[in-house]
Amino acid sequence: SITKLKDSGCDLLIYNWDVYTDDGHEEPSNIHNQNTDENKVIEDIAEFPQIFLLTSACNKIYHKSLFKYLNYEKGLYEDNIVTASVLLNSNKIFLSKDSTYFYRKNSSSITESIGLDNVLDLSKSIKLLFALDDEYPDYFSQIKLLIIKFIEDVLFLLFNHDWTLDEELLIVDNLKSAVGDISREDLNNFNEIFPDYQTSYIEECLDLHELSSELFLAKYKYFNRLPKVKSQASLYIDDGNGFSEDSKIAIDYVPQKENKLTFDLSGFSD
């Protein structure tokens, strides 16, 4: 490790890392651990913007000149701002094809459980990332890649977990206060750099400052996605006596973008 740093003249070394489920199955690489299959030396991070999504602190070795940026605050996701600051202040970065960090998920651990603190701390990270624009304006379009991913994460948690209405309003209020200017061009740039990452909630962020928190929830959580509203589907069976309420199978389902409904016909004879 030290040899790689010295020989390459780099001040930051980033290794691949592998993630395993708690039952031992290896997970595919994702947007936050885009494992490289070759060694790379990066002298201008603007030429490799994907690096801003490599936010883990566990797979990096730092030259002592970068120690002053390793200021971790209390809270979840605290390594994201630190990693962004380190990346922005590294002269040369070595991306290693070797995996030296192996992470096994524990489904019962605090990092795998979702609570209100997760969402609020993500919004805090977004706000701190926007603040980097003053110090690093030349790289802010790259920083926005991480910002957009975090906005997506907050909206995913908002739309797909059960919260009280007060909690939902708090989440949206915090997100609105954290998010600065995000444009259509920013979203297009994200999709071009990460074409294999399927965004589901990005478009909504364009409306964050156009709608009140109540209207935002109404439009995007309740009227558009309707994850909490149960609907009923009915299948009428012609049992030889025509269609009637007595020959109906009804099932409840939760509306999604796409639903596949299955009816049990075992109660009907030919």
Side-chain angles (χ1 to χ4, degrees), residues 14 28-37 40 42-56 77 79-81 83-88 90 93 95 119 121-160 171-213 215-227 256-258:
I14 303 178
S29 296
N30 61 46
I31 200 169
H32 284 298
N33 67 319
Q34 311 148 54
N35 288 354
T36 180
D37 56 4
K40 296 180 182 179
I42 300 171
E43 298 190 42
D44 184 359
I45 54 177
E47 297 178 359
F48 194 78
Q50 300 94 322
I51 201 170
F52 276 95
L53 275 292
L54 305 181
T55 55
S56 174
Y77 316 108
D79 51 352
N80 296 298
I81 306 302
T83 298
S85 297
V86 167
L87 291 171
L88 290 162
S90 297
I93 302 168
L95 279 184
V119 191
D121 282 355
L122 265 175
S123 290
K124 178 182 177 182
S125 293
I126 292 170
K127 191 169 188 175
L128 292 173
L129 286 168
F130 266 106
L132 294 176
D133 185 22
D134 294 334
E135 193 171 355
Y136 307 100
D138 292 340
Y139 294 98
F140 196 53
S141 63
Q142 289 80 38
I143 297 171
K144 277 188 175 180
L145 297 172
L146 184 55
I147 288 174
I148 290 171
K149 176 58 172 62
F150 283 165
I151 295 173
E152 165 99 350
D153 290 343
V154 171
L155 293 176
F156 172 83
L157 295 174
L158 172 65
F159 295 145
N160 291 282
I171 290 169
V172 179
D173 286 343
N174 272 263
L175 187 60
K176 287 166 70 72
S177 67
V179 173
D181 179 46
I182 293 290
S183 67
R184 169 67 60 186
E185 183 180 355
D186 294 324
L187 301 189
N188 291 341
N189 184 46
F190 182 94
N191 290 323
E192 287 178 9
I193 293 174
F194 300 105
D196 296 327
Y197 179 75
Q198 299 298 315
T199 57
S200 299
Y201 307 96
I202 289 298
E203 298 293 324
E204 285 85 329
C205 76
L206 297 177
D207 258 356
L208 263 177
H209 299 298
E210 301 299 321
L211 302 173
S212 68
S213 296
L215 286 176
F216 185 85
L217 281 170
K219 179 177 180 179
Y220 289 114
K221 180 160 190 176
Y222 292 103
F223 294 156
N224 188 23
R225 302 188 184 282
L226 300 175
Q256 304 291 341
K257 282 187 174 180
E258 181 177 332

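None of the values given here were measured: they were computed from a predicted structure.
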Do the two ring centres, one from Y136 and one from F140, sit under 6.0 Å apart? no
Show your reasoning for whether side chain to side chain contact (heavy atoms under 4.5 Å, CB included) applies to F216 and L175. CA-CA 11 Å; F216 185 85; L175 187 60; 5.7 Å; no
Heavy-atom check, side chain of D207 versus side chain of L215, under 4.5 Å: no
From CA spacing to verdict: side chain to side chain contact (heavy atoms under 4.5 Å, CB included), V119, L158: CA-CA 8 Å; V119 191; L158 172 65; 5.8 Å; no
Do the side chain of T83 and the main chain of N80 share a donor and acceptor less than 3.5 angstrom apart? no
Rounded to the nearest 0.5 Å, how far does CG of L146 lie from CD of Q142? 12.0 Å
Exercise: identify the closest heavy-atom pair between I151 and C205: CG2-CB, 3.6 Å
D153 versus Y201, side-chain donor and acceptor atoms under 3.5 Å: no
Would Q50 and I193 count as a side chain to side chain contact (heavy atoms under 4.5 Å, CB included) if you check the C-alpha gap in whole Å, the side-chain angles of each, and the deciding distance to 0.1 Å? CA-CA 7 Å; Q50 300 94 322; I193 293 174; 3.7 Å; yes
Any ion pair linking K219 and E210 (charged N to carboxylate O, less than 4.0 Å)? no
Donor-acceptor contact below 3.5 Å, side chain K144 vs main chain D181: yes
Using distance alone, with no hydrogens and no angle criterion, decide if D133 and Y139 have a side-chain donor and acceptor under 3.5 Å apart. no
Locate the shortest heavy-atom distance separating S123 from A178; write the atom from each residue and the value. O-CB, 3.2 Å
Return the minimal non-hydrogen interatomic distance between S141 and N189, and the atom names on each side. O-ND2, 4.1 Å
Pairwise distance CZ(F48) to CG(L87) - rounded to 0.5 angstrom: 11.0 Å
Do you know which two heavy atoms are closest between S213 and K176, and how far apart they sit? OG-CD, 3.4 Å
Testing the basics here: between S177 and K127, what is the closest heavy-atom pair and its distance to 0.1 Å? O-CE, 4.2 Å
Spacing of L187 atom CG and I202 atom CD1 [to the nearest 0.5 Å]: 6.0 Å
Start with the C-alpha distance between E204 and F159, add both sets of side-chain angles, then the distance that settles side chain to side chain contact (heavy atoms under 4.5 Å, CB included), and finish with yes or no. CA-CA 11 Å; E204 285 85 329; F159 295 145; 4.1 Å; yes
I42 CD1 to I45 CD1 distance, which is reported to the nearest 0.5 Å: 9.0 Å
Rounded to the nearest 0.5 Å, what separation is found between the CG atom of L211 and the CG atom of L206? 11.0 Å
What is the minimum heavy-atom distance between G180 and H209, and which atoms define it? O-NE2, 3.9 Å
Rounded to the nearest 0.5 angstrom, the CD-OH distance for E203 and Y220 is 8.5 Å
Donor-acceptor under 3.5 Å (K40 side chain, L95 main chain): no
Does F130 reach the side chain of I182, with side-chain heavy atoms less than 4.5 Å apart? yes
Are the side chain of N160 and the backbone N or O of F156 linked by a donor-acceptor pair below 3.5 Å? yes
Would S183 and D186 count as having a side-chain donor-acceptor pair, cut-off 3.5 Å? yes
